Undergrad: 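Got a structure here, written out as structure tokens. Questions coming.
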Amino acid sequence: MSTHLGRLLGGFQSLGSLPLVRTRLSHPSARVSSRLACVRTITAFPLSLFSKSRDFSLPNSSWSPEMIRLYEHYTSQCEVETATGEKVGGPWKRLPSYNRSLKYATGGLYLSKIIQSKARLFTRNTREAGAAFEYVIFVNEEEQRCLCLFQAGHLLEGPPGNIHGGATATMIDTVTGTHATILAGPVMTANLNINYRSPIPLGSTLLIESSLEKKEGRKTFVTCKVTSTDGSKVHTEATALFLSINVGHLLLGN
């Protein structure tokens with residue numbers, strides 16, 4: 001079971017916004033404004049909490065021309081200009097992503113300082129550009145959608161020349177978990193069903209799209225698909241169920 005507490009800070013890569021999360025949980029009427037505040041907060045989150053902080057969702061020399069083109073396309077929709085020349089927030093928001101999370105052990109005990117100093121977010125555990133998971137996530141709250149631009153590096157090989165199915169599953173869990181966190185606050189993966197349709201060649205640039213299916217109490221259901229950038233080829237389809245959790249109980253190990 002994957003924990004998605006950290007998704008929105010580094011795609012939620014931190015627990016630094018706990019006061020804000022507690023506000024959402026204790027004051028349901030503030031959910032909409034708090035959810036928007038969560039997305040805004042990540043852009044100004046204090047980088048001092050991260051070791052050698054670097055936003056891995058920004059372009060680097062390994063990105064393909066197609067990855068760059070799509071990044072520029074969606075970035076241009078994060079801020080739009082009105083008829084009066086004023087710049088305002090657009091329909092999409094880019095989520096920054098870092099290689100460190102605040103780590104907690106099962107039972108609520110802090111991990112040892114040695115482990116803490118070496119721990120790295122799984123999808124950001126190598127600093128070699130283009131070697132593994134190259135991705136950036138955009139969120140569209142009005143349409144209740146998440147879109148990830150993903151480029152698969154050579155360290156993700158499974159079948160010769162193609163991505164390992166577990167690497168694809170990792171990215172699906174990352175994107176849907178980030179989306180569910182935006183929709184419902186802190187969540188954990190309860191169920192992830194994946195149908196692999198066709199192999200994905202290493203080095204491919206892909207779209208991973210997550211959409212809200214429904215919400216029922218603590219349950220958030222989302223659907224996801226992995227396609228070519230033009231949408232003509234579906235590589236993978238998935239459904240996921242996330243359960244909202246009490247942050248305080250998780251940190252105390254209850």
Side-chain angles (χ1 to χ4, degrees), residues 7-8 10-13 42-43 50 52-80 90-100 120-140 143 145-179 194-211 223-238:
R7 297 293 186 185
L8 192 53
F12 282 125
Q13 308 300 337
I42 62 175
T43 61
F50 301 99
K52 297 181 180 178
S53 299
R54 166 188 159 193
D55 186 352
F56 282 82
S57 68
L58 296 174
N60 62 59
S61 60
S62 77
W63 283 23
S64 68
E66 180 70 353
M67 186 85 163
I68 295 289
R69 182 187 70 81
L70 289 168
Y71 175 85
E72 291 176 345
H73 170 73
Y74 285 100
T75 298
S76 70
Q77 298 185 51
C78 292
E79 187 177 70
V80 295
W92 291 93
K93 292 182 176 67
R94 182 184 68 85
L95 304 183
S97 180
Y98 302 96
N99 70 343
R100 280 281 292 170
R120 293 292 181 270
L121 182 69
F122 178 50
T123 55
R124 302 298 192 188
N125 61 8
T126 177
R127 299 187 71 86
E128 181 185 347
F133 299 92
E134 292 289 342
Y135 66 94
V136 54
I137 298 177
F138 294 88
V139 58
N140 187 319
E143 297 181 3
R145 293 171 55 208
C146 256
L147 177 71
C148 175
L149 312 180
F150 171 51
Q151 182 177 293
H154 61 272
L155 295 182
L156 304 185
E157 186 177 37
N162 293 284
I163 302 175
H164 193 288
T168 304
T170 293
M171 283 308 304
I172 290 173
D173 191 40
T174 296
V175 176
T176 56
T178 296
H179 191 195
I194 300 176
N195 293 313
Y196 296 95
R197 302 298 186 190
S198 61
I200 303 174
L202 291 175
S204 296
T205 300
L206 305 163
L207 296 182
I208 305 177
E209 298 182 72
S210 174
S211 300
T223 60
C224 184
K225 61 180 179 179
V226 182
T227 69
S228 57
T229 57
D230 62 3
S232 63
K233 189 175 187 64
V234 177
H235 292 285
T236 315
E237 293 178 306

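Here the structure is a predicted model, which means the values were calculated and not measured. Worth knowing before you read on, the calculation uses all heavy atoms, side chains too, and leaves out hydrogens, waters and symmetry mates.
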Undergrad: Output the distance between atom CD1 (Ile172) and atom CD1 (Ile194), rounded to the nearest 0.5 Å.
TA: 4.0 Å
Undergrad: Rounded to the nearest 0.5 Å, how far does CD of Glu66 lie from CG of Leu149?
TA: 9.5 Å
Undergrad: Taking all non-hydrogen atoms of both residues, which atom of Val80 and which atom of Pro91 are closest, and how far apart?
TA: CG1-CD, 4.5 Å
Undergrad: If every non-hydrogen atom of Phe56 is compared with every non-hydrogen atom of Arg127, which pair is closest and at what distance?
TA: CZ-NH1, 3.9 Å
Undergrad: To check you understand the geometry: which heavy-atom pair defines the closest contact between Thr227 and Glu209, and what is its length?
TA: OG1-OE2, 4.4 Å
Undergrad: Indicate the atoms forming the closest heavy-atom contact of Pro201 with Ser204, along with that distance.
TA: O-OG, 2.6 Å
Undergrad: Drop me the distance from Asn162's CG to Ser198's OG, to the nearest 0.5 angstrom.
TA: 9.5 Å
Undergrad: Does any N or O in the side chain of His235 come within less than 3.5 Å of the main-chain N or O of Arg197, such that one atom is a donor and the other an acceptor?
TA: no
Undergrad: Can you tell me how far apart CZ (Phe150) and OG1 (Thr174) are? Round to the nearest 0.5 Å.
TA: 9.5 Å
Undergrad: Report yes if some heavy atom in the side chain of Leu70 is under 4.5 Å from a heavy atom in the side chain of Leu207; otherwise report no.
TA: yes
Undergrad: Taking C-beta and beyond as the side chain, do Arg94 and Leu58 meet within less than 4.5 Å on heavy atoms?
TA: yes
Undergrad: Hey, is the main chain of Met171 close enough, under 3.5 Å, to the side chain of Asp173 for a donor-acceptor pair?
TA: no
Undergrad: Evaluate Thr168 against Thr236 for side-chain hydrogen bond (donor to acceptor under 3.5 Å, both in side chains), listing each step before the verdict.
TA: CA-CA 8 Å; Thr168 304; Thr236 315; 5.1 Å; no
Undergrad: Going from OG on Ser62 to CD on Glu128, what distance comes out if it is rounded to the nearest 0.5 angstrom?
TA: 9.0 Å
Undergrad: Consider side chain to side chain contact (heavy atoms under 4.5 Å, CB included). Of Thr178, Leu147, Leu95, which one does Val139 pass it with?
TA: Leu95
Undergrad: Do you know which two heavy atoms are closest between Arg54 and Tyr98, and how far apart they sit?
TA: O-CD2, 3.3 Å
Undergrad: I need the Ser57 OG to Phe138 CZ distance, nearest 0.5 Å.
TA: 8.0 Å
Undergrad: Assess the side chains of Thr123 and Tyr135: does a donor N or O sit below 3.5 Å from an acceptor N or O?
TA: yes
Undergrad: So do Leu121 and Phe133 actually touch side chain to side chain, heavy atoms under 4.5 Å?
TA: no
Undergrad: Can Gln151 and Trp63 be counted as having a side-chain donor-acceptor contact under 3.5 angstrom?
TA: no
Undergrad: For the residue pair Leu202 and Ile163, establish whether any side-chain heavy-atom pair is separated by less than 4.5 Å.
TA: yes
Undergrad: Are side-chain heavy atoms of Ile137 and Val175 found at a separation under 4.5 Å?
TA: yes
Undergrad: If I compare all heavy atoms of Arg124 with all of Glu134, which pair ends up nearest, and what's the gap?
TA: NH1-CA, 4.4 Å
